[in-house]
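Read the structure below first, then the notes.
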Protein chains: 2
Amino acid sequence: MSHDHAACMAPSLKAAENLGAKLTPLRRRVLEIVLAGHTPMGAYDVLATLARDGGKPAPPTVYRALDFLQAQGLVHRIDSRNAFVACFAPERSHQSRFFLCRACGRASEIEDAALDAALAAAAKRAGLTVERETIEITGVCAECASSHGPAA
Amino acid sequence: MSHDHAACMAPSLKAAENLGAKLTPLRRRVLEIVLAGHTPMGAYDVLATLARDGGKPAPPTVYRALDFLQAQGLVHRIDSRNAFVACFAPERSHQSRFFLCRACGRASEIEDAALDAALAAAAKRAGLTVERETIEITGVCAECASSHGPAA
DNA sequence: ATTTGAATTGTTATAACATAACGAGACGTG
DNA sequence: CACGTCTCGTTATGTTATAACAATTCAAAT
């Protein structure tokens with residue numbers, strides 16, 4: 001599935017700019033890198049990409065930028081992979097729920113009202129005040145299943 | 001909430017023994033440690049506990065045992081904490097879905113038919129063949145909320 | 001009973017991921 | 001300009017996990 005990266009990056013960058021003055025060049029650059037990666041990237045991958053720009057950044061530089069972007073809902077952390085992925089709809093979904101394909105590596109955000117309801121009901125029954133969710137469903141996406149399937 | 005550890009460990013140990021000969025003393029010991037921890041423990045915590053038995057185990061020893069126990073469904077990994085927790089109902093639930101309290105640290109497995117259905121439906125709609133789930137809902141449990149709440 | 005092969009564990013070293021702590025510069029505000 | 005705050009650089013280290021290979025165990029087959 002090819003893809004116009006510039007197009008998919010635009011809304012997220014625009015949302016980021018609307019935050020105000022806090023989107024520094026460094027943070028913007030890190031966001032661009034994560035957006036362009038298009039699949040979850042490790043912090044050290046971001047670091048390596050950043051290094052190609054010329055500077056000699058150290059890990060804290062990247063982790064701080066990622067922390068900021070996460071706090072703004074522009075980037076999500078994929079705990080099951082120690083990786084970070086850009087949010088392509090930062091206006092809408094500020095939850096962190098993903099389908100992950102282990103074959104192509106893609107992450108797609110889940111938006112599902114029935115799931116919202118089931119989670120809310122389960123938490124209520126358990127008496128839990130929810131603060132944070134890590135929902136990562138890993139498998140093989142339809143495209144990868146068909147290409148690796150009967151043929152190959 | 002006090003708790004009879006021996007009692008809660010029994011079913012899991014029994015299930016483990018029913019696997020057959022593969023539950024070696026080391027693996028059994030690691031399972032006991034994780035069961036006794038009663039909240040998610042880091043691999044290096046397990047390692048330290050194991051070290052008190054007298055040997056001088058190295059990390060791979062613990063990781064291998066944990067891998068085995070995970071494969072048997074006796075232990076689950078909590079990705080959002082880099083930690084491991086024993087499954088207290090290994091016969092029933094082989095999924096990995098948890099409520100986690102950030103105050104007391106307890107992990108409780110979610111068993112909820114509506115959630116099962118919502119997840120299955122969402123995966124089907126997305127065309128994903130599910131292989132693995134990481135579902136970790138973190139918050140404050142009812143007990144901790146009441147003790148830290150109006151009073152303290 | 002010995003050989004053989006598979007599984008388990010020990011051991012050393014290192015990779016991968018993440019943060020603590022402190023200092024220097026930028027920047028707006030009073 | 002003095003001040004405080006936020007951001008970023010820098011050094012060092014902490015934490016989590018695995019690669020690679022040697023040694024051991026143990027059951028099965030001859």
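Naming: A, B, ... by sequence-line order, numbering from 1 per chain.
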Can you list, pair by pair, the side-chain donor-acceptor contacts under 3.5 Å of residues 58-68 of chain A, counting residues two or more places apart and other chains?
none

Should A:Arg97 and A:Glu133 count as an ion pair when the cut-off is N to O under 4.0 Å?
yes
Is it the case that A:Ser80 and A:Glu136 place a side-chain donor and acceptor less than 3.5 Å from each other?
yes
Do A:Phe84 and A:His76 have ring centres separated by under 6.0 Å?
no
Integer-rounded Å distance: D:dT7 P and A:Leu66 CG
15 Å
Heavy-atom distance under 4.5 Å between the side chains of A:Pro57 and A:Leu47, does that happen here?
yes
Can you give one letter per nucleotide of nucleotides 8-17 of chain C, 5' to 3': B if a protein heavy atom sits under 4.0 Å from the base, S if only from the sugar-phosphate, - if neither?
SBBBB----B
Determine whether a donor-acceptor pair (N or O, by modelled atom type, separation under 3.5 Å) exists between the side chain of A:Arg102 and the backbone of A:Val140.
no
With distance as the sole criterion, is a donor-acceptor pair present between the side chains of B:Asp79 and B:Thr134 under 3.5 Å?
yes
Could you tell me how far apart A:Leu50 (CG) and D:dG9 (P) are, to the nearest whole angstrom?
8 Å
Report whether A:Ile33 and A:Leu69 are members of the same hydrophobic cluster (ILVMFWY, side-chain heavy atoms less than 4.5 Å apart, transitive linking).
yes
Take nucleotides 24-29 of chain D nucleotide by nucleotide from the 5' end and write B, S or -, depending on whether a protein heavy atom sits under 4.0 Å from the base, only from the sugar-phosphate, or from neither.
------
